[in-house]
Amino acid sequence: MAEVLVYVDHVDGAVRKPTLELLTLARRIGEPVAVHLGAGADTAAATLAEYGAVKVLAADAPEFADYLVVPKVDALQAACDAASADGSPAAVLLPSSAEGKEIAARLALRLGSGIITDAVDLEAGDEGPVATQSVFAAAFTTKSRVSKGTPVITVKPNSAAPEAAPAAGTVEQLPVSFGELATGTKVVSRKERESTGRPELTEAAIVVSGGRGVGGAENFNVVEALADSLGAAVGASRAAVDAGWYPHSSQVGQTGKTVSPQLYVAAGISGAIQHRAGMQTSKTIVAVNKDAEAPIFDLVDYGVVGDLFEVVPQLTEEVTARKG
Amino acid sequence: MSLRIVVCVKYVPDATGDRHFAEDLTTDRDAVDGLLSELDEYAVEQALQIAENADDAEVTVLTVGPEDASDALRKALSMGADKGVHVEDDDLHGTDAIGTSLVIAKAIEKTGYDLVICGMASTDGTMGVLPALLAERLGVPQVTLLSEVSVEDGKITGRRDGDSATEQLEAALPAVASVTDQSGEARYPSFKGIMAAKKKPVESLDLDDLDIEAEEVGLDGAWTKVEDATARPARTAGTVVKDEGEGGKQLAEFLAGQKFI
């Protein structure tokens, strides 16, 4: 069976959930082989094996952290060269993060392969994997495939439910020699984003977002309290971010994060196209807005026209009470 | 020596319009009015600021697209860029990101550059891969997704707000950079700027000028194939209630019914 390379997104060996989703999708196409760059491969291997990695190709070098993107492209290219089975790799899958897409782009060019980004689903097809994408602010769904070379595909978080499927997960060292471009862009310093203690926005099952109607940074605690009662991530519309009420890393929309949770709660968000592009594929959408004409109400499964400062705290209280 | 900055811009269908696909499953560029991609305005702005802070600099805006795409160049020129380059050729219709990067890389090399600046993504395709592809093709450092950028002494530095960390980056010129919508509001063209733009030179190039064969680009030259595009079914209208004092409880009831609580 052909191998499918899966790029592992991790923090010192703690594997992030989108990688488990990639392993699950990879099994539809072939045998997942994980590529782990940086420290912690032995820790990661147990998790990767549990979710179906037959092999873990591991490489660790200071270059991966000290220089931007290119060292990881060199390593993935080496992994493609090392793929052992016939017709392998059948595809290379990466998470649709900013870095994931950049690595994918450069790798595809080097391999002479087509690239598909931001897939929300992946199936095996007669002529190679078929990727589903959600485009034009989620107004259209497309199905595409790579028609030349080894398909390089990036997949959005929450595109599949991770399914355990224990495999060997044997760790093998991957020899990597870095090219001239690898050390072109130096990472002079890195500051990890402080953890909010809440789920990752793009990975969360429930997202609660606040918009212009929240009216100020000091009022976001109303949104946060509801999020915490539901175990949700907190998002914000562009209006709220541009006003400086909430960090850009939490922005949901075309120029921020795209989320596709089971439940999306929009508080004080009118639902401009820019915002809809980032949340329209959520399974269930509810909204609270004082303007009955707000376009967000065209999207909702349930909406309340009212003052969010009345409705949201009442909802939080009710959720807390019901969860006992 | 003059600092040569090339800004890559794209003419896109207005994102607030009703965008859809043409029969050949390429983006329908006739149905909706086009404009300079909003995210590219940030790239033009940063290029102009870098040029203003340099002793001597020249900003060239470059686009690949049909005849109308000259509107995008005109807008960038009216913001203050010095000259334009428009790559236009009927054989380009349907070109994918990889092919587009070939065309732009060749046009940039022909124009000459010390620094290439792009927006973070287009607002139609939204892939966000072009800057990385250009850096790979041109064989120069990639300094991308910057929220802050500065150029000094032949070096570019900037702050990248990445997926899980904020990084400070540094590279020697020549380089390819991209900037985010957090890099600073783009200026509005002044009346004087709009008038001046009409007289600024725009060079027109076709595939022959760039030594690119028609087979390398276009729909048939694409390395990816869109097989199907369907309009997403409209969400079925949900229940909307007016809060009469029990709105929060009603919402909780709905969420409980859906097993969220």
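Side-chain atoms are counted along with the backbone in the values below, which use heavy atoms only and exclude waters and symmetry mates. A note on names: the letters A, B, ... follow the listed sequences, proteins ahead of strands, and every chain is numbered from 1. What you see is a predicted model; the values in this text were computed from it and never measured.
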- prompt: Is chain B contacted by the side chain of A:I273, its backbone, both, or neither, given a heavy-atom distance below 4.5 Å?
  reply: side chain
task: Show your reasoning for whether salt bridge (Lys or Arg N to Asp or Glu O under 4.0 Å) applies to A:K143 and A:D121.
output: CA-CA 9 Å; A:K143 288 191 187 293; A:D121 199 6; 5.9 Å; no
task: Kindly check if the number of other-residue, nucleotide or ligand heavy atoms within 6.0 Å of CG (B:D228) is above 12?
output: yes
statement: Between A:P95 and A:P18 the two heavy atoms that sit nearest each other are CB-CB, 4.5 Å
message: I'd like to check B:E45 versus B:R187 (side-chain heavy atoms, cut-off strictly below 4.5 Å). Are they in contact?
response: yes
- prompt: Which atoms of B:T157 come close to chain A, meaning under 4.5 Å heavy atom to heavy atom: side chain ones, backbone ones, both, or neither?
  reply: neither
message: Taking every non-hydrogen pair under 4.5 Å, which of A:V319, A:V288, A:I285 racks up the most with chain B?
response: A:I285
- request: Using distance alone, with no hydrogens and no angle criterion, decide if A:T281 and A:S260 have a side-chain donor and acceptor under 3.5 Å apart.
  value: yes
query: Which atoms of A:E99 come close to chain B, meaning under 4.5 Å heavy atom to heavy atom: side chain ones, backbone ones, both, or neither?
result: both
field: Contacts with chain A made by residues 210-221 of chain B (heavy-atom distance under 4.5 Å), listed by residue number
entry: none
Closest non-hydrogen atom pair, A:V130 against B:E227: CG2-OE1, 4.5 Å
message: Are the side chains of B:P131 and B:Q142 in contact, using a 4.5 Å heavy-atom criterion?
response: no
message: Need one label for A:V69: side chain, backbone, both or neither, based on atoms under 4.5 Å from any heavy atom in chain B.
response: side chain
field: Best-contacting candidate, B:R235, B:R137, B:E167, B:M127, against chain A by heavy atom pairs under 4.5 angstrom
entry: B:R235
- prompt: Could you go step by step and tell me if A:K17 and A:E200 meet the salt bridge (Lys or Arg N to Asp or Glu O under 4.0 Å) rule?
  reply: CA-CA 10 Å; A:K17 184 164 155 265; A:E200 272 290 314; over 6 Å; no
Scan the side chains in residues 253-261 of chain B for donor-acceptor partners under 3.5 Å anywhere in the protein, sequence neighbours excluded, and list what turns up.
unit_1 : atom_1 : unit_2 : atom_2 : d
B:E253 : OE1    : A:R322 : NH2    : 2.7

statement: Nearest heavy-atom contact between B:A97 and B:V129 is CB-CG2, 4.1 Å
field: Closest-packed option against chain B by number of heavy-atom pairs under 4.5 Å, given A:S97, A:A277, A:G179
entry: A:S97
Heavy-atom check, side chain of B:L134 versus side chain of B:L130, under 4.5 Å: yes
query: Just how far is it from atom CG of B:L39 to atom SG of B:C118, taken to the nearest 0.5 Å?
result: 12.0 Å
Contact class of B:R159 relative to chain A, heavy atoms under 4.5 angstrom: neither
- prompt: Are there residues of residues 177-184 of chain B that reach to under 4.5 Å of chain A by heavy atoms, and which ones?
  reply: B:D181, B:Q182
query: In terms of heavy-atom proximity below 4.5 Å to chain A, should B:A222 be classed as side chain, backbone, both, or neither?
result: backbone
task: Locate the shortest heavy-atom distance separating A:L94 from A:A104; write the atom from each residue and the value.
output: CD1-CB, 3.7 Å
query: Side chain, backbone, both or neither: which part of A:A137 has a non-hydrogen atom closer than 4.5 Å to chain B?
result: both
- request: Name the region of B:M120, side chain, backbone, both or neither, that has any atom closer than 4.5 Å to a heavy atom of chain A.
  value: side chain
Closest-packed option against chain B by number of heavy-atom pairs under 4.5 Å, given A:L68, A:I116, A:T154, A:D9: A:L68
message: I'd like to verify something: which residue of A:G303, A:G114, A:G306 has the highest number of heavy-atom pairs under 4.5 Å with chain B?
response: A:G303
- request: Using non-hydrogen atoms and a 4.5 Å limit, figure out which bit of B:A231 sits close to chain A: side chain, backbone, both or neither.
  value: both
- prompt: With a 4.5 angstrom heavy-atom cut-off, which part of B:T144 approaches chain A: side chain, backbone, both or neither?
  reply: both
field: Contact origin within B:L251 toward chain A - heavy atom pairs under 4.5 Å
entry: both
- prompt: Which atom names give the shortest non-hydrogen contact between B:D18 and B:H20, and what distance separates them?
  reply: O-ND1, 3.3 Å
task: Just do the salt bridge (Lys or Arg N to Asp or Glu O under 4.0 Å) check on A:E318 and B:K249 with the steps written out, would you?
output: CA-CA 6 Å; A:E318 198 65 23; B:K249 287 184 183 164; 5.0 Å; no
statement: So, the part of B:E38 with a heavy atom under 4.5 Å from chain A: the answer is side chain
statement: Of A:R190, A:K191, A:R145, the largest count of non-hydrogen pairs under 4.5 angstrom with chain B goes to A:R145
Contacting region of B:L133 [heavy-atom separation from chain A under 4.5 Å]: both
- request: Check the surroundings of atom NZ in B:K225: do more than 12 heavy atoms from other residues, nucleotides or ligands lie under 6.0 Å from it?
  value: no
message: A:Y302: which residues meet the side chain to side chain donor-acceptor pair (under 3.5 Å) condition with it, sequence neighbours left out?
response: none
- prompt: By a 4.5 Å heavy-atom criterion (distance strictly below it), what part of A:L181 contacts chain B: side chain, backbone, both, or neither?
  reply: side chain
Test item: B:P13 and B:R29 side chains (from C-beta on) under 4.5 Å apart, heavy atoms: yes
query: Side-chain contact, heavy-atom cut-off 4.5 Å: B:V7 with B:D40?
result: no
task: Side chain from CB out, backbone as N, CA, C, O: work out which of these in A:V286 comes under 4.5 Å of a heavy atom of chain B, or both, or neither.
output: side chain
task: Heavy-atom distances under 4.5 Å only: say whether A:V135 touches chain B with side chain, backbone, both or neither.
output: side chain
message: Before you tell me yes or no, could you show the steps for A:K283 and A:D301 under salt bridge (Lys or Arg N to Asp or Glu O under 4.0 Å), namely the whole-Å CA-CA distance, both residues' side-chain angles and the distance that decides it to 0.1 Å?
response: CA-CA 9 Å; A:K283 307 290 178 298; A:D301 296 284; over 6 Å; no
message: Quick check for you: among A:Q314, A:K323, A:Q133, which has the greatest number of heavy-atom pairs under 4.5 Å with chain B?
response: A:Q314
message: So for A:E102, is it side chain, backbone, both, or neither that comes closer than 4.5 Å to the heavy atoms of chain B?
response: both
message: Distance alone, cut at 3.5 Å: any donor-acceptor contact between the side chains of B:T27 and B:D124?
response: no
